[in-house]
Amino acid sequence: MTKTSCFSHVLPHSKQAARKPVNHGPTLLIHGGAGKIVKKRIPCEEIPDDQKKEYLQAMKEALKVGCDILKRGGRAVDAVEAAIRVMEDCPLYNAGKGAVFTRSGKNELESSIMIGTPSHPAGAVTLLRTVKNPVVLAKTLMLDPDNYQVFLGGEGAEEYAKEKGLELVDPSYFWTEARWKEHLEGLGNEGKDEGKKRDGCCGDKSESDNADNSLPSYDDAVNERRTENNTKRELVGSNGDWFYMNSMGTVGAVAVDFDGVIAAATSTGGKNNKSDGRIGDSPLIGCGTWADNETCGVSGTGEGEFLIRYTLARGIASRMEHLNETVEQATSAMIDLLSKVGTEAGVVALDKYGNFTIQYNTSGMFRGFIRVSDEIPHAYIFPDDVDD
C-alpha cells in the first residue's frame with residue numbers, strides 16, 4: 001500500500017486552539033479519482049505533455065466554473081454542482097460521458113450532493129442510464145420542496161428526472177472507445193462468459209455522427225482482448241494509450257461560500273465491469289459524500305465497498321466533532337485506517353474557514369483547488385506534481 005500523500009492548507013491543531021481561526025474565504029476543491037496511475041508508457045516512455053495537459057486543463061476548467069459562482073456571492077451547492085457537471089461532460093473522467101461499463105456492457109451512473117446546514121439537506125441517485133448529468137438530478141431531488149425523499153434509483157429516478165424536465169440522453173451517449181476497451185480488457189481477464197449478456201448495450205454506438213467506432217462481434221472482441229492481455233496491458237487515457245489508471249475515477253467537489261455554508265457532491269460510473277445493479281459509496285450519504293458546517297465537507301473516492309463499511313466521509317466529520325481534530329488530522333486518521341485494511345482511497349475535505357486537505361494512499365490522484373481570494377486554479381495528478 002502506497003504511503004499516504006497529503007496536501008493541506010490548514011493551521012496546525014495547537015495553533016488553531018491558541019488563536020481565532022483565519023478565514024480563507026470561499027474555496028473549492030475537486031477530485032477526479034484516485035488509483036493505480038502509472039506514470040510511464042510501455043515501453044518506458046514519459047507521459048506526453050499534451051495528454052497530461054488534457055486532464056489538468058479539464059480540472060482547471062471545472063475549478064474556474066465553480067469559482068466564478070463563488071466570487072459572485074453564489075452558493076457553495078451551486079459551485080460544486082457546476083464543477084462536477086464540467087467533469088461529467090468530459091470523457092476523460094469516470095462520471096457522465098466517461099463512465100465505465102458493467103459486466104453486461106451497460107453504463108449505470110450515480111451521484112449524491114449535500115449541504116452543511118443544520119437540517120443536512122441531501123439528494124442521491126443511482127442506477128441511471130439516461131440522465132446526462134446525475135449530479136443535477138441529485139440536486140433537483142434535494143431542493144424540490146414537494147419531495148421528502150433523499151434517495152432514488154433506477155427507473156423511478158429516471159422518471160422523476162423526466163417529470164422535472166432534466167436532460168435525458170440515449171444510453172449510447174455514454175459510450176467512449178477508451179472505456180469500451182477497458183471493459184473488454186476486464187472481461188478478458190475474468191473470462192468472456194461474464195459479459196455475454198448485454199441487453200441494451202451501447203458498445204456498438206459511435207461517439208459522434210462522423211466517427212467510425214464499429215467493433216467486431218462481442219465474443220470476438222473479448223477473445224481478441226484476452227489474447228492481447230497475454231503480451232501487454234492496455235493503458236487507459238484520453239485515447240487509451242498514455243497511462244494506466246484503474247477505473248475508480250469518481251469525480252467530486254467540496255466548497256465553502258461567503259456565508260460559511262459548506263456543500264459537497266460526488267458522481268461516478270462505478271467500477272469497471274461491476275455487476276449490474278451494484279451501488280457504490282458515491283451516492284451514499286456519509287460514505288462518499290458529507291457536509292456539515294460545524295465540521296467539514298468531504299468527497300471521497302476509492303474502493304467503494306470499504307468506504308461504505310467504514311463510512312469514510314462521516315467518519316472524518318465525527319473525528320472533528322468528538323475528538324476535536326482538525327480536518328487534516330481527521331482525514332489522515334481515516335485514510336490510515338483504510339490503508340491498514342489494504343484499501344485504496346482518496347479524499348478532498350475542507351472546513352468552514354477554508355482550511356482544506358487532500359489525501360490519498362494510491363500512486364496518484366486527480367485533484368485541484370481554487371480560492372476566490374486569488375482565482376488561481378491548481379491541478380495535479382502525481383504526488384510530486386507542482387504548479388506550472
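Index from 1, following the sequence. Every heavy atom of this structure was used, including side-chain atoms; hydrogens, water molecules and symmetry mates were not.
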**OP:** List in chain and number order the residues that pass salt bridge (charged side-chain N to carboxylate O under 4.0 Å, His left out) with E61, two or more places apart in sequence or in another chain; answer none if no residue qualifies.
**Re:**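 E61: no salt bridge (charged side-chain N to carboxylate O under 4.0 Å, His left out) contacts found.
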Would [X] and [Y] pass as an ion pair if we require N to O under 4.0 Å?
X	Y	result
D374	R371	no
K52	D385	yes
K274	E305	no
D78	K139	yes
E155	K162	no
K352	E294	yes

[X] side chain near [Y] side chain, heavy-atom distance below 4.5 Å:
X	Y	result
F101	F174	no
I285	W290	yes
I113	V80	yes
V348	I30	no
N293	V261	yes
Y160	V125	no
V341	Y310	yes
Y360	P383	yes

Determine yes or no for a side-chain-to-main-chain donor-acceptor pair under 3.5 angstrom, with [X] supplying the side chain and [Y] the backbone.
X	Y	value
T326	Q329	yes
R367	G32	no
Y353	G260	no
D257	R75	no
N107	A99	yes
N147	M142	no
S339	I335	yes

To the closest 0.5 Å, what do you measure between [atom1] ([X]) and [atom2] ([Y])?
X	Y	atom1	atom2	result
L141	L166	CG	CG	10.0 Å
E167	L137	CD	CG	13.0 Å
I84	C90	CD1	SG	13.5 Å
I115	L143	CD1	CG	5.5 Å
R129	K106	CZ	NZ	5.5 Å
K132	Y173	NZ	OH	4.5 Å

Is [Y] reachable from [X] through a run of I, L, V, M, F, W or Y residues, each pair having side-chain heavy atoms under 4.5 Å apart?
X	Y	result
L92	V135	yes
V150	I279	no
L350	I376	no

Subject >> Steps toward side chain to side chain contact (heavy atoms under 4.5 Å, CB included) verdict (I262, T295) >> reply: CA-CA 9 Å; I262 295 173; T295 52; over 6 Å; no
Original post:
Among E182, H183, E177, whose side chain to side chain donor-acceptor pair (under 3.5 Å) with R179 holds?
Top reply: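 Going through E182, H183, E177 one by one, the side chain to side chain donor-acceptor pair (under 3.5 Å) with R179 is satisfied by E182 alone.
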For the student: nearest non-hydrogen atoms of [X] and [Y], plus distance:
X	Y	answer
V65	A82	CG1-CB, 3.6 Å
P134	E88	CD-OE2, 3.4 Å
A264	V254	CB-CG2, 4.0 Å
L312	C287	CB-O, 3.7 Å
G354	T27	CA-OG1, 3.9 Å
L70	A76	CD2-CA, 4.0 Å

Original post:
Is there a side chain to side chain contact (heavy atoms under 4.5 Å, CB included) between F151 and T126 once you walk through the steps?
Top reply: CA-CA 8 Å; F151 201 171; T126 191; 3.7 Å; yes
Subject >> Residues which pass side chain to side chain contact (heavy atoms under 4.5 Å, CB included) with S282, listed by chain and number, not counting sequence neighbours >> reply: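 Testing S282 for side chain to side chain contact (heavy atoms under 4.5 Å, CB included), a comparison that skips the adjacent residues, returns T250, T266, T268.
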Donor-acceptor side-chain pairing of [X] and [Y] below 3.5 angstrom:
X	Y	result
Q359	T331	no
E108	T102	no
S299	H31	yes

**OP:** Only one of V100, L184, L187 passes side-chain contact (heavy atoms from CB on, under 4.5 Å) with N273; say which it is.
**Re:**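 Single side-chain contact (heavy atoms from CB on, under 4.5 Å) partner of N273 among V100, L184, L187: L187.
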**OP:** Kindly indicate, with the supporting measurements, whether the criterion side chain to side chain contact (heavy atoms under 4.5 Å, CB included) is fulfilled by D292 and E321.
**Re:** CA-CA 10 Å; D292 174 46; E321 179 181 1; 5.5 Å; no
Original post:
F356 vs F369 aromatic rings, parallel, tilted or perpendicular, using cut-offs 30° and 60°?
Top reply: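 If you compare the ring of F356 with that of F369, the planes turn out tilted.
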